[in-house]
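Just so it is clear: chains get the letters A, B, ... in the order the sequence lines come, proteins before strands, and each one is counted from 1. Just so you know, these numbers use all the heavy atoms, side chains as well, and skip hydrogens, waters and symmetry mates.
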Amino acid sequence: VAWDETGKEKLMILRELSEEDRAFQKKTRNWLEANLPKHKARTYFGLHLDHDWQRIVAKGGYLGPHWRRDDGGMSLTPLQEVIMIEEWARAGAPMIASQEMNHIGPILLQLGTEEQKREHIPKMFRAECFWAQGYSEPGSGSDLSSLRTTGAIDGDTMVINGQKIWNTMAHRADWMFALIRTAEGRRGLTLILLDLTTPGVTRKSIKDLSGDHELAEVFFDNVRVPLANVVGDINDGWRVATAVLRAERLRAGCPERALNALYRLRKAAAETGADSDPWMAEAIARAELAVLTLEAAYLEALESERDDPDNNDQDGSCLKVLEAETTQSVLKTLQDVVGPSKAILTPPDIASDFTDFSKAFMAALANSIMGGTDEIQRTLIAQQALGLPRAAK
Amino acid sequence: MATSSEDDQQIVDSARRLLDGLGGISHTREAQHTRRYFDRTAWERMAGAGWLGALVKPELGGAGLSLKAVLLILEECGALAAPEPLVLALGSSIILPACRSADADQLRNDVLAGTMNSCPIVPGFYPKDDRPLTMTDGTISGITPPVFDAHSSEVFLLGVDTDVEFQICALRPNSRGVNLDLKDSVDGGTVGRLRLDRVAPGDLRPLLGGNRAKGLLNDARDIMRLGYSAQLVGLMRAAFRMTLDYLKLRTQFGTPIGTFQAIQHRAATLHIEMKSARALLYEACAAVGTARQTLAAAAAKARISDVAMHVVKEGVQLHGAIGYTDEHDMSLYFRRAMSLTAAGGDSSACLRDAAGLIRRLDG
């Protein structure tokens with residue numbers, strides 16, 4: 001790719017980059033060229049926990065883009081965060097695991113004890129410990145207030161019994177942060193950190209529709225966890241878990257998957273000649289425009305988070321829905337572009353070509369379910385941001 | 001980028017005050033029910049506020065505002081579906097200050113003062129309609145692409161391929177051989193085309209020639225697209241706000257209809273679309289003056305046009321029968337949206353432009 005003034009150096013970003021931003025972009029691109037193993041490029045569409053890759057990323061200093069440097073992160077500006085995402089997508093680098101830097105890490109930073117921070121955060125930055133989220137249960141998906149996995153307090157330990165499900169990569173993670181019922185009602189939840197190798201923990205992966213094993217279920221049979229692992233106070237877990245929800249949801253709306261999908265679409269369109277077929281050209285153009293819009297919205301939301309941290313516009317929910325719809329629609333167009341090939345089973349080694357049409361398309365179904373379904377997000381937007389009244393029970 | 005600062009808020013507040021002083025939405029209602037409406041008093045007030053030369057440097061008689069400030073003002077005009085052809089003034093204010101001649105200076109002063117209206121005819125809004133005006137046997141003939149709300153314009157700024165070079169010229173529609181063919185639009189304005197039949201070169205006053213002239217018309221095209229987009233962003237915000245108020249107020253089956261999940265989710269969808277469309281507008285604004293200016297403006301106009309029509313369509317639907325009446329203000333927003341989405345190139349035309357430019361970027 002030519003490094004020139006015509007704007008080709010950016011994938012989607014519309015605004016001009018400053019010298020400093022260009023330098024960051026160039027450094028990131030060079031680092032990826034030197035450090036991304038060829039066999040890992042464009043291998044997965046969804047989120048695979050690739051411990052080796054995470055360690056390479058950690059060593060390169062690319063963990064925690066939005067974390068302050070003092071806390072171990074990169075202190076990137078919103079624009080630089082987007083530049084990094086674009087470079088990751090351009091290189092086809094596997095996504096960075098998100099539980100550590102986007103979920104439990106920020107919770108600990110804000111509400112954890114000094115001991116908890118000292119114990120866990122440095123390991124996250126060295127990619128020595130991987131985390132899974134333990135919120136959903138078989139009877140409690142969208143309605144988290146009905147969680148039933150219980151924690152009985154016994155001296156200085158909590159004894160946990162029950163089951164969690166849909167825990168992304170829990171079968172390959174080391175620790176879990178889980179919401180456990182310690183009393184009745186919404187106020188009766190407690191957030192606790194637990195080592196997944198503790199006796200009494202059983203983990204089983206779940207094969208998903210696309211044939212992958214991203215999800216897991218976790219069973220607890222008298223699992224004893226020290227109370228020192230409780231984050232915040234007992235029965236204050238709901239507040240703790242939602243304290244950093246805005247930042248979490250914002251980054252769930254990150255356009256990385258959409259950019260990856262678009263990259264595949266562009267390649268497939270060029271290879272099949274679909275980009276010169278007027279019937280397809282409009283759909284491809286709409287896909288481009290959708291990703292452009294998502295990226296602009298993401299950048300705006302990150303800047304608004306920085307400049308106006310208290311606004312209640314539910315921009316995280318908006319982005320999360322927009323991301324899922326955009327990625328899914330781009331992949332739908334990709335399905336149309338490849339025609340009969342769309343149903344071909346993705347070969348195990350896809351790094352050399354762009355034939356993983358079926359797997360990516362199926363994997364993206366999860367985007368509008370995990371982390372709070374699109375329906376839940378829309379209800380939040382309607383009631384919190386737009387002030388529409390709740391139905392009387 | 002779209003986050004508002006105190007300065008931005010002041011600009012928005014003063015724009016609202018001026019528009020309220022003109023009668024707010026009732027001004028719009030009157031305009032939409034008056035054939036070929038133009039209110040010189042309102043126009044002169046806008047001139048007085050510096051809106052007609054908002055982007056022009058103060059030493060040339062303008063207000064020297066940033067493009068972002070201008071778009072914020074246009075959002076407020078859109079929020080009242082204001083009928084004034086401010087985007088024509090915006091386009092003129094890109095072209096005229098670059099033309100340095102006694103003629104052009106005089107024209108610029110008149111236009112900025114609001115005593116004379118000029119209408120830029122820029123190529124590229126509607127690719128199918130782009131047929132350059134050419135010179136044959138020493139006279140100029142041809143048809144311009146359509147332009148919205150030009151009925152009040154006393155002078156047109158247009159590009160002509162003369163024997164010597166490409167030129168931007170000023171032309172009065174009452175010159176010999178010139179016919180301004182106007183059709184009424186749904187919102188009280190017009191869609192017009194200039195037909196030139198063997199017009200004498202003397203009637204076309206040259207303002208600027210060469211590549212600089214072509215570049216200026218391209219800039220005017222992009223910035224006018226952003227201007228129409230900003231009006232649409234304001235328009236959809238107001239139409240949506242009105243719809244939300246109604247959802248909270250209107251009771252059926254013993255409960256406000258806004259409590260129904262089917263309705264809540266549709267409202268949420270519109271909110272998501274509007275928020276991201278506005279983000280795209282100000283991202284595009286930040287791209288003006290860079291290699292991606294044309295792409296950004298085309299992409300923004302394409303997306304915003306689609307979202308705006310979706311919002312007003314849902315606005316009518318969610319109001320039920322009352323939303324389908326002329327009496328309800330939703331009708332004003334719906335009809336104005338029809339014009340503003342077509343002006344400057346509709347969604348398809350802009351999408352085609354954006355797609356072509358994106359493909360060239362894909363190095």
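For A/Ala385, the part lying near chain B is the side chain, with the backbone staying farther off; criterion is any non-hydrogen pair under 4.5 Å. Residue contact with chain A, scored on non-hydrogen atoms closer than 4.5 Å, is absent for B/Ala354. Both the backbone and the side chain of A/Glu375 come within contact range of chain B, each with at least one heavy atom under 4.5 Å from a heavy atom of that chain. Looking at A/Ile284, there are no atoms closer than 4.5 Å to chain B (heavy atoms on both sides), in backbone or side chain. At a 4.5 Å heavy-atom cutoff, the contact between B/Phe240 and chain A is made by side-chain atoms alone. There is no contact between A/Asp374 and chain B, counting heavy-atom distances below 4.5 Å. Residue contact with chain A, scored on non-hydrogen atoms closer than 4.5 Å, is absent for B/Thr243.
In this structure the side chain of B/Thr259 never reaches within 4.5 angstrom of the side chain of A/Arg390, judged on heavy atoms. Looking only at side-chain heavy atoms (C-beta outward), A/Gln383 and B/Gln264 come within less than 4.5 Å of each other. Within the 4.5 Å cutoff, no side-chain heavy atoms of B/Thr290 are placed close to those of A/Arg15. For the pair A/Leu14/B/Leu280, a side-chain contact is recorded, criterion being any heavy-atom separation below 4.5 Å from C-beta on. Annotation: side chain of B/Lys248 is not in contact with side chain of A/Leu386 (no heavy-atom distance under 4.5 Å).
Rounding to the nearest 0.5 Å places CD of A/Glu300 at 10.5 Å from CG of B/Leu281. Taking CD1 of B/Ile358 as the reference point, atom CZ of A/Arg266 lies at 6.5 Å (rounded to 0.5 Å). The CG atom of A/Leu388 lies 12.0 Å from the CD atom of B/Gln261; values are rounded to the nearest 0.5 Å. Between the CG atom of A/Leu289 and the CZ atom of B/Arg303 there is a distance of 5.5 Å, given to the nearest 0.5 Å.
The candidate with the highest count of non-hydrogen atom pairs below 4.5 Å against chain B, out of A/Leu294, A/Asp275, A/Leu319, is A/Asp275. Most heavy-atom pairs under 4.5 Å with chain B, from the set A/Leu299, A/Thr379, A/Val321, A/Asp315: that is A/Thr379. Across B/Lys275, B/Arg352, B/Gln293, the residue that shares the most heavy-atom pairs under 4.5 angstrom with chain A is B/Lys275. In terms of non-hydrogen atom pairs under 4.5 Å with chain B, the most contact-rich of A/Pro389, A/Ala391, A/Ala392 is A/Pro389. When B/Ala277, B/Ala355, B/Ala296 are compared by the number of non-hydrogen pairs under 4.5 Å with chain A, B/Ala296 comes out ahead. In terms of non-hydrogen atom pairs under 4.5 Å with chain B, the most contact-rich of A/Met12, A/Glu282, A/Arg286 is A/Arg286.
Within 6.0 Å of CZ on B/Arg131 lie more than 12 heavy atoms contributed by other residues, nucleotides or ligands. Atom CG of B/Asn211 sits in a sparse spot, with 12 or fewer heavy atoms from other residues, nucleotides or ligands closer than 6.0 Å. Within a 6.0 Å radius of CE in A/Met280, more than 12 heavy atoms belonging to other residues, nucleotides or ligands are found. Within a 6.0 Å sphere centred on CD of A/Gln384, heavy atoms belonging to other residues, nucleotides or ligands number more than 12.
A donor-acceptor contact under 3.5 angstrom links the side chains of B/Thr269 and A/Arg378, judged on distance only.
Under the 3.5 Å distance criterion, the side-chain polar atoms of B/Arg292 are matched with a main-chain donor or acceptor of A/Ile13.
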